[in-house]
Amino acid sequence: MTTVHEAWRQLAAAADGPVLEQLRRAARGEPVIPALYRWDKGMDPAAPAALPFLIALAREPDRPNREQVLSTLAELVGVGRSEAAERVAPGWAAAWREHRTALEPLLADPDPQVRDTAVQLAERARPLLARIPAETEPWLRVRQLQRLGAVAGSADDAARALLTDTLHGATGPDAAAHRLAALWGLAVLDAAEPEHWADQWVTAVLDPAAPAAVDRWWTRPDDDYRAELASEVASIGRSLPPCLAAHLAARLARAAANAGRHELCAAALEAGWRPLLDLPSTGPLWPATAGELLSSPDPRVRHRAAAILAVLGRAAAPYADALHARLTDTDGDEFLDGTTADQARWALARLGDPRVLPDLVRQLTALERENGRGYVRGDPRRPEPYDALLPLHGHAAVLRPQVAQWAREGESHAWPWSHPGARLLAAWNGPADAPQPPSDFEATARGLLRTPPVRLVHESPAPYLRGTWAVTVLSRRGPLSPEVRAAVEHVLALDRRLSWLGDYRAVLDDERLRDTLRRALRGEAATMPPLSHLDETDAELGC
């Protein structure tokens, strides 16, 4: 505390009692993780003042609770990289810019675990360039090469030279892993040009020597599980910029299938799933590849390929017959919800294919009759019946009797307070429930210009939902003003989903909101579309 007296004084003025007491306990060496971040509220407003204090504690090599302090720092910095952090903790960005270099000496710390955390926190290329040649832990050097590509600019000749030298100078039994690590960094370095390194990256992944080399060179000494190439490939959807990850994944999926490397093909499809949910621009990368992979001998590949086509919607139309052939495919991925047939049926429903309409409601509502259902939120899964049926109002003549029967069956465990079948019939019969009316429709619609171009942690959905609703109200009053037209054109140009949901529903709602905004822009009198099913977890996350 003595060494950061001024920071502590500022912190004491900014923090509430519990946080301040937790930091005092951390200063005494107790194994406590200060609660400076909460999943439901984001970063604590005291975090900017706490930053120099935590850094001073982390730099003490003999501190008994150093691991907990570093864990707190890593969490704060990770959250702080989103724009949302500045809204809930003003001053965080300036505090991090001022103090981040104080953590760079930890890149050379004697403890490899501390060096690993320091790599995650590094945001400048120079200290990494100085450290990489001296690194003695192979698994840590992998992380350094990857991080170097992320923090160096495309014009950084020194970083490019080190990565290129590693790529072309790799020799010996672990050369395949060296090349792959260097290509990982180079691809991130040139993330704005995802095609630049894609072919070389795919070749390095498909190198027959790569799995064994990754097992030896990328496994941390204290890990209970060995590093696996397929797991590393699957992780690119979370660890690389989404557009880059999508291009690499799509290229690898096709090449791995052609090479008979089905485990890598499945991993590539897994890596491409999250970018597909996040960025509309990645959709065109997938139809042909996913359509071909429907006939893969690997059930994991068929399941994920059908799930991708289901999310793509109308773009999957050329593969309707191939999807229909999968309606008897009861295999799937053991870690995912449902079967390949479930995903194929939903893909055909998205197309309004008449072959699946007669029995569609009973098939979709099978999950309602199950005793329990497990899934990871953002993974491919069976859609909620309401979500799958909502856009099919054009086929209401066929589906309405089935939906009415479903509604008469009684309580739904998905929506115990209001049966989704009844809600669906109401949505087909009339306009959507409007959000809370804004005080100024013009101002709310113009607010679309201020919406951020990337998904944010704890982002409020109100700018998109309320803004779109305001546009629809204005469209029914007459021509849109130039300012509102500019706002609509801006939001339609964003390469992101106009939904805050984190699974397949983001794509469904994005399609509906974009279609509504386009109709308003063409001068049509638009109405707010009904949106996806929400559950209790969504409400907790900020609905």
Side-chain angles (χ1 to χ4, degrees), residues 146 149 180 183-184 186-207 210 229-298 300-319 322-323 326 333 336 340 343-344 347 350 378-380 455 495-497 503-504 506-507 510:
Q146 294 171 343
L180 187 55
L183 278 165
W184 202 301
L186 284 165
V188 179
L189 190 69
D190 294 325
E193 302 176 48
E195 297 291 328
H196 192 63
W197 298 100
D199 286 336
Q200 290 191 58
W201 186 85
V202 168
T203 300
V205 170
L206 295 180
D207 185 337
L229 179 60
S231 297
E232 297 296 333
V233 167
S235 75
I236 69 173
R238 301 181 299 273
S239 60
L240 298 187
C243 186
L244 171 62
H247 278 79
L248 295 182
R251 188 72 61 87
L252 177 61
R254 185 183 291 268
N258 292 339
R261 301 287 295 278
H262 303 301
E263 78 288 354
L264 291 177
C265 182
L269 294 176
E270 180 178 350
W273 178 254
R274 172 52 61 185
L276 179 61
L277 298 185
D278 285 348
L279 302 181
S281 65
T282 64
L285 298 172
W286 286 107
T289 297
E292 290 181 12
L293 294 178
L294 283 173
S295 59
S296 169
D298 191 310
R300 298 170 300 172
V301 172
R302 296 197 304 273
H303 189 160
R304 288 188 177 274
I308 287 174
L309 289 173
V311 165
L312 288 174
R314 289 188 292 271
Y319 309 98
L323 287 163
R326 297 263 68 88
D333 188 312
L336 298 179
T340 302
Q343 295 293 341
R350 292 259 283 150
D379 281 352
R455 184 182 300 280
D495 188 17
R496 61 150 294 157
R497 301 296 180 186
D503 55 13
Y504 70 83
V507 180
D510 180 66

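What you see is a predicted model; the values in this text were computed from it and never measured. Numbers here simply count residues along the sequence, with the first being 1.
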Please report the interatomic distance SG(Cys265) to CG(Asp298), rounded to the nearest 0.5 Å.
7.5 Å
Atom pair CH2/CG of Trp197 and Asp190 - distance to nearest 0.5 Å:
7.0 Å
Hits for ring pair (Phe, Tyr, Trp, His ring centres under 6.0 Å) against Tyr319, two or more places apart or cross-chain, chain-then-number order -> none
Taken in chain and number order and not counting sequence neighbours, the residues that satisfy side chain to side chain donor-acceptor pair (under 3.5 Å) with Asp510 are Arg497, Arg514
For Ala306 against Ala347, the heavy-atom pair lying closest together:
O-CB, 4.4 Å
Measure the shortest side-chain to side-chain distance between Leu276 and Leu312 over non-hydrogen atoms and say whether it is less than 4.5 angstrom.
yes
Rounded distance (nearest 0.5 Å) linking atom CG of Leu264 with atom CG of Leu269
11.0 Å
Minimum-distance pair of heavy atoms, taken over all atoms of Arg300 and Ala266:
CB-CB, 4.2 Å
Scanning both residues in full, the closest heavy-atom pair of Asp379 with Trp273 reads C-NE1, 3.7 Å
Contacts of Glu263 meeting side chain to side chain donor-acceptor pair (under 3.5 Å) (sequence neighbours excluded), chain-then-number -> Arg261
Looking at CG of Asp207 and CG of Leu180, how far apart are the two atoms once the value is rounded to the nearest 0.5 Å?
9.0 Å
Would you mind writing out the side-chain donor-acceptor pairs for residues 234-250 within the sub-3.5 Å range, not counting sequence neighbours?
residue: Ser235; atom: OG; partner: Glu232; partner atom: O; Å: 2.6
residue: Ser239; atom: OG; partner: Ser235; partner atom: O; Å: 3.0
residue: His247; atom: ND1; partner: Cys243; partner atom: O; Å: 3.0

Correct closest heavy-atom pair for Ala257 and Leu293 would be CB-CD2, 3.5 Å
Can you name the residues that form a side chain to side chain donor-acceptor pair (under 3.5 Å) with Thr289, not counting sequence neighbours?
Arg254
Tell me the side-chain hydrogen bond (donor to acceptor under 3.5 Å, both in side chains) pairs involving residues 302-317, sequence neighbours left out?
Arg302-Asp329, Arg302-Asp331
What one should report as the nearest heavy-atom pair of Leu206 and Ala255 is CD1-CB, 3.9 Å
What closest approach, in Å, do Gly283 and Pro287 show between heavy atoms, and which atom pair accounts for it?
O-CD, 3.2 Å
Under 3.5 Å donor-acceptor, Arg326 side chain and Leu294 backbone:
yes
Polar side-chain atom of Thr282 near backbone of Pro275 as donor-acceptor pair, under 3.5 Å
yes
